[in-house]
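Structure, as structure tokens:
Numbers for residues simply follow the sequence, beginning at 1. Not measured: the values here are computed from a predicted model.
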Amino acid sequence: RLSRTGATGDRLTEAKNINKSLSALGNCISSLVAKSKHVPFRDSKLTHLLQDSLAGDAKVLMFVCSSPCDSDAQETSCSLQFATRARGVELGGAKRRGDGGSAAAVKEMQLVVQEAKESARKVEEDKQRLEEQLAILKEQLQNKE
């Protein structure tokens, strides 16, 4: 496959590293499908970075690029086989975290609204008390005149 790309030098090295990472990802996917006790997440930087998404309670979406050209049939076939293996992985259901999801933001806003209502209630009580005191003082002033 590398000979078809015509890559040399740094690009060839990069392509080899990408293929190695994708191979390690395939190994992780195979381990997850087989539900083995050990999943080799540390085999590459890619799989190490994706460990939380692949092993945890997360939703994972995978895009596969395929080509209708006859010359790309082998590459397309490999990509589709990889996607088929990946599709077999059963991850846990995605769960909301209380440390930053929209539910946490809604709770925080509800607290802010509650505090604002409490503050407005206190201001209204203070206003009413001051109006009563003003009425008493006006009455006292009228009685002195």
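- Note that the NZ atom of Lys20 and the NZ atom of Lys45 stand 10.0 Å from one another [nearest 0.5 Å].
- Residues passing the side chain to side chain donor-acceptor pair (under 3.5 Å) test with Asn17: none are found, sequence neighbours excluded.
- Side-chain atoms of Thr84 come within 3.5 Å of backbone atoms of Leu80 as a donor-acceptor pair (strictly under, hydrogens ignored).
- Under the rule for a side chain to side chain donor-acceptor pair (under 3.5 Å), Ser31 has no partner lying at least two apart in sequence or in another chain.
- Residues passing the salt bridge (charged side-chain N to carboxylate O under 4.0 Å, His left out) test with Arg129 are Asp126, sequence neighbours excluded.
- Across all their heavy atoms, Val64 and Ser79 have their closest contact at CG1-CB, 3.7 Å.
- Considering Asn143, Leu141, Leu137 in turn, Asn143 is the only one that fulfils the side-chain contact (heavy atoms from CB on, under 4.5 Å) rule with Glu139.
- Lys122 is listed as a side-chain neighbour of Glu118, based on a closest heavy-atom distance under 4.5 Å.
- Here SG of Cys28 is found 8.0 Å from NE2 of His38. Values are rounded to the nearest 0.5 Å.
- Going from atom CG of Leu134 over to atom CD of Glu131 covers 8.0 Å, rounded to the nearest 0.5 Å.
- Note that OG1 of Thr13 is 12.0 Å distant from CZ of Arg11, once rounded to the nearest 0.5 Å.
- A distance of 13.0 Å separates CD1 in Ile18 from CG in Leu25, rounded to the nearest 0.5 Å.
- For Ser67 against Asp72, the heavy-atom pair with the smallest separation is OG-OD2, 3.0 Å.
- To the nearest 0.5 Å, atoms CG (Leu49) and CZ (Phe41) are separated by 12.0 Å.
- By the 6.0 Å contact criterion, CD on Gln114 is open, its count of non-hydrogen atoms from other residues, nucleotides or ligands being 12 or less.
- In the model, Ser44 has a side-chain atom that pairs as donor or acceptor with a side-chain atom of Thr47 under 3.5 Å.
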